[in-house]
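Remarks on the structure that follows.
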Protein chains: 2
Amino acid sequence: MQIPFATIERLAIYVRCLRHLKEQGIKKISSFEMAQHTRTTPEQVRKDLSYFGKFGKTGEGYDVENLLKKLEKILRTKRKWNVAIIGAGSLGTALSKYRGFKEVGYDVKAMFDIDPEKINKKINGIPVYHIEKFSEITEKEDIEIAIVAVPVEAVSDVEEVIVKSKIKGILNFVPVTLNLKTRRRIVVLDVDLTQKLYIISYLIKNKWEE
Amino acid sequence: MQIPFATIERLAIYVRCLRHLKEQGIKKISSFEMAQHTRTTPEQVRKDLSYFGKFGKTGEGYDVENLLKKLEKILRTKRKWNVAIIGAGSLGTALSKYRGFKEVGYDVKAMFDIDPEKINKKINGIPVYHIEKFSEITEKEDIEIAIVAVPVEAVSDVEEVIVKSKIKGILNFVPVTLNLKTRRRIVVLDVDLTQKLYIISYLIKNKWEE
DNA sequence: GAATTTTTGTGAAAAGATTATAAAATTGAG
DNA sequence: CTCAATTTTATAATCTTTTCACAAAAATTC
């Protein structure tokens with residue numbers, strides 16, 4: 001059976017929530033409490049989990065540590081992933097500092113730019129290479145995921161470089177739909193900050209019923 | 001009739017696409033081409049637009065400038081919005097530099113922090129205030145939207161400050177579900193970067209059929 | 001130890017979203 | 001001026017996702 005994509009998205013939020021609970025030393029949680037922490041409903045929580053098995057105990061709820069372990073396995077997030085950031089501007093730099101990534105197993109191994117001022121230096125301890133070395137470095141360092149944070153004008157060059165590499169997943173911050181002409185499957189997720197603001201504006205004005 | 005939320009999300013992408021086309025001097029576009037630029041299908045484009053009226057001309061397509069104008073009106077994005085950034089760390093600073101916001105009518109008027117080193121100075125020309133002045137400044141400057149980019153530890157303080165203010169919409173970068181105890185409606189949208197990476201990992205491993 | 005409470009798991013119903021199809025309108029060729 | 005080729009619009013059908021409702025199971029209380 002095909003698992004709803006929305007379920008996968010929520011699973012990632014459950015993992016985040018469970019990590020917090022574990023840190024706080026909380027052992028058990030009910031679907032009701034879980035829903036409160038993740039902006040959803042208890043039924044939704046149970047339904048989402050039911051796609052993968054039975055994790056709870058009737059009358060008692062879920063064991064935080066055990067459920068976390070199971071969900072991490074489902075999302076393949078127990079293993080480490082190496083990441084590259086393309087674009088060493090302010091956004092790229094801020095992302096390289098972002099603590100959260102390393103905490104959950106995503107290790108930024110390299111950054112890429114075209115500015116000679118930045119190349120062969122380190123930003124937050126991460127080496128910055130010229131973009132032409134992208135394939136070489138990502139293969140050597142076993143990097144499978146790239147974060148794209150370049151100005152719009154640079155996108156077509158970046159597309160080209162990515163297509164030639166062995167990158168499998170992309171987190172794209174550029175407000176443009178990437179055009180990757182390749183047979184192999186590359187997973188692309190967009191983070192469009194402007195879009196989010198548009199949607200906020202719309203929701204503010206149109207009292208969305210909940 | 002209730003418009004599907006997914007439609008609103010795509011509308012924001014259509015607006016982005018149309019802006020690019022307009023800049024390039026393109027006058028007409030068919031639903032087919034539009035779909036290629038926005039990672040969707042022609043049927044979807046037409047269906048989405050049909051919720052709001054008839055914008056196209058049979059056999060000819062849509063007039064770029066006219067359609068853009070209409071969609072901007074629907075999303076209420078023709079008007080200007082004033083924005084505050086809470087947290088003047090690396091992410092907050094990077095966001096304050098982000099060109100895209102101003103280009104599409106979102107003007108960052110103020111930043112807030114608790115670090116005395118940063119307060120009463122300017123970052124990228126934007127004044128930084130102590131967080132305790134949040135209500136005062138946002139009301140004076142007519143700020144309705146706040147971007148939250150603080151460390152996890154600071155969230156509860158920020159929640160308190162927001163609840164007391166008149167802020168209507170929030171773009172939240174902190175990987176925690178905000179807990180805003182208030183009767184009035186505040187629109188919250190989360191940007192969870194870690195979640196996005198989790199999902200990329202999952203999709204890489206589970207060849208998602210398209 | 002029986003009754004009550006809590007909470008899960010799941011099938012069925014409802015709602016929401018996408019895709020496919022038929023009808024209508026426009027353009028351009030001949 | 002008519003016919004064929006496009007391309008939109010409206011609507012119907014299908015598919016997906018969420019919500020609802022309830023039985024079953026475990027824990028707790030009296």
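FYI, side chains are in, hydrogens and waters are out, and symmetry mates aren't considered; it's all heavy atoms of this structure. In the text below, chain A, chain B and the rest are named by the order of the sequence lines, each starting its count at 1.
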Atom pairs and distances, side-chain donor-acceptor, residues 55-65 of chain A, under 3.5 Å, sequence neighbours left out:
| unit_1 | atom_1 | unit_2 | atom_2 | d |
| --- | --- | --- | --- | --- |
| A:E60 | OE2 | A:K28 | NZ | 3.1 |
| A:D63 | OD1 | A:E65 | N | 3.4 |
| A:D63 | OD1 | A:N66 | N | 2.8 |

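With sequence neighbours excluded, no residue satisfies side-chain hydrogen bond (donor to acceptor under 3.5 Å, both in side chains) with A:D113. The side-chain contact (heavy atoms from CB on, under 4.5 Å) test applied to A:P151 returns A:E153, A:A154, B:R99, not counting sequence neighbours. Looking at residues two or more places apart in sequence or on another chain, you find a side-chain contact (heavy atoms from CB on, under 4.5 Å) between B:K69 and B:K78. Partners of A:K54 by side-chain hydrogen bond (donor to acceptor under 3.5 Å, both in side chains), not counting sequence neighbours: none found. Take B:L180 and apply the side-chain contact (heavy atoms from CB on, under 4.5 Å) test, not counting sequence neighbours, and it matches B:E159, B:I162, B:V163, B:I170, B:L178, B:T182, B:I186, B:V188.
Remark: C1' of D:dT16 and CD1 of A:I8 are 14 Å apart, rounded to the nearest angstrom. What separates CD of A:E9 from P of D:dT17 is a distance of 10 Å, to the nearest Å. The OH atom of B:Y62 sits 9 Å away from the C1' atom of D:dT7 (whole-angstrom rounding). Spacing between atom CZ of A:R39 and atom P of D:dT18 amounts to 16 Å, rounded to whole angstrom units.
Here chain B contacts DNA chain C (any atom closer than 4.0 Å to a heavy atom, that is under 4.0 Å), and the contacts span C:dA17 to C:dT27 from 5' to 3'.
Using a cut-off of 4.0 Å between Lys/Arg side-chain N and Asp/Glu carboxylate O, B:D107 and B:K80 are scored as not salt-bridged. Residues A:R79 and A:E144 are paired through a salt bridge, judged by an N-O separation under 4.0 Å between the basic side chain and the carboxylate. Between B:E160 and B:K181 no salt bridge is recorded (no basic side-chain N to carboxylate O distance below 4.0 Å).
Screening residues 5-14 of chain A for salt bridge (Lys or Arg N to Asp or Glu O under 4.0 Å) gives A:R10-A:D48 as the qualifying pairs, with residues at least two apart or on separate chains. Listed by first and then second residue, the ring pair (Phe, Tyr, Trp, His ring centres under 6.0 Å) pairs that reach into residues 132-152 of chain B are B:F112-B:F134, sequence neighbours excluded.
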Restricting to nitrogen or oxygen on both sides, can you table the protein-nucleotides 25-30 of chain D pairs closer than 3.5 Å?
| unit_1 | atom_1 | unit_2 | atom_2 | d |
| --- | --- | --- | --- | --- |
| D:dA27 | OP1 | A:E60 | OE1 | 2.9 |

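Between the side chain of A:S201 and the backbone N or O of B:R76 there is no donor-acceptor pair closer than 3.5 Å.
Looking only at atom types and distance, the side chain of A:S31 has a donor-acceptor partner in the side chain of A:R46 under 3.5 Å away.
Not one side-chain nitrogen or oxygen of B:Y51 sits closer than 4.0 Å to the OP1 or OP2 atom of D:dA10.
DNA chain C lies under 4.0 Å from at least one heavy atom of each of the following residues of residues 25-35 of chain A: A:S30, A:S31. In the region residues 40-47 of chain B, proximity to DNA chain D at under 4.0 angstrom, judged on heavy atoms, holds for B:R46, B:K47.
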